Amino acid sequence: MPDLSASLQSLRAARLYGIVDLGYVKPENVVTMTRALAEGGVDILQLRAKGATPAEVESLARSMLPVTRELGVPLVINDHPEVAAIVGSEGVHVGQDDDSVAKARAIVGPEIFVGKSTHSLDQAVAAQAEQADYIGFGPLYATGTKPDYVPIGLQDITRVHELVSLPIFCIGGVNEARASEILQAGARRVVVVSAFLLASDVRAEVKRLKALLP
Ligand code: TZP
């Protein structure tokens, strides 16, 4: 059973959020990738398995949890609050088209934090009003991981930090080469998907990006 106050403390301290996305990782490589990302230094890890059945997501999550627990990295389940509740992950993440934060919270119970994707300042403010525990904000750049979304650029990053007091994880096209401009634009926390999952040395890639974060 996760402990919400410990998880929220980790969330506030987190700077680097990694995602094991089944669009890039074969199911049989999920545990190896989980270990590489966690040992490299991600502070939070999400399982994102678009199109998978709840039973498949549950089985993948159960395979990741021993590794994330061993390495002290909170695990977040994308889209499936019922799976988060069954496996006892530390968090669940919902998108704009998924369950509301309140509905997800009703399913996961009091010990699991709830994050929400946002794609504009208005959505970020609304997610705070909905009492999300953190938000994703992006995509900053065009990205093949979420191809149907118009990039929002860097210009609203400072403003979203003025308007929203939750942990804000900037996402979409984040990589080592862009880190300094993203940080200069006001970001404090980032999510990285393809730049990690497609790296030839995942641990080294995570370490390099983490070293750039304040
Ligand atoms: N939400 C907004 S952008 C994005 C998600 C899930 C994908 C980010 O992936 P990448 O590969 O780091 O651009």
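Numbering of ligands and ligand atoms starts at 1, following listing order. All figures in this text were calculated on a predicted structure; none of them were measured in a lab.
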Exercise. Does CD in Glu70 sit with more than 12 non-hydrogen atoms of other residues, nucleotides or ligands closer than 6.0 Å?
Worked result: yes

For this session: Using a strict cut-off of 4.0 Å, indicate which atoms of ligand 1 neighbour a heavy atom of Thr143.
Result: 9 (O), 10 (P), 11 (O), 13 (O)

Exercise. If you count the atoms of ligand 1 from 1 in the order shown, which ones are under 4.0 Å from a heavy atom of Ser194?
Worked result: 10 (P), 11 (O), 12 (O)

For this session: Would you mind finding which of Ile152, Ile19, Ile171 brings a heavy atom closest to atom 8 (C) of ligand 1?
Result: Ile171

Seminar exercise, completed: Residue set satisfying side chain to side chain contact (heavy atoms under 4.5 Å, CB included) with Ala36, at least two apart, ordered chain then number -> Val202, Arg203

Problem set entry | Heavy-atom nearest neighbour in the protein, as seen from atom 12 (O) of ligand 1, with distance rounded to 0.1 Å | Val193 N, 3.0 Å

For this session: Say whether Gly173, considering both its backbone and side-chain N or O atoms, lies within less than 3.5 Å of an N or O atom on ligand 1.
Result: yes

For this session: Rounded to the nearest 0.5 Å, what's the gap from CG on Leu140 to CG on Leu154? Could you check?
Result: 6.0 Å

For this session: Sorted by first residue and then second, give each salt bridge (Lys or Arg N to Asp or Glu O under 4.0 Å) pair with at least one member in residues 121-146; sequence neighbours left out.
Result: Arg105-Asp133, Lys116-Glu130

Problem set entry | Exam field: side chain Gln128 to backbone Leu163, donor-acceptor pair closer than 3.5 Å | yes

Exercise. Do the side chain of Ser59 and the main chain of Ala55 share a donor and acceptor less than 3.5 angstrom apart?
Worked result: no

Exercise. Polar-atom distance check: His119 versus ligand 1, any N or O pair below 3.5 Å?
Worked result: no

Problem set entry | Exam field: side chain Ser194 to backbone Gly173, donor-acceptor pair closer than 3.5 Å | no

Problem set entry | Numbered atoms and elements of ligand 1 in range of Arg48, under 4.0 angstrom, heavy atoms | 6 (C)

Problem set entry | Nearest non-hydrogen protein atom, atom 1 (N) of ligand 1 | Lys146 CD, 3.2 Å

Exercise. Short N/O distance, under 3.5 Å, between Tyr24 and ligand 1?
Worked result: no

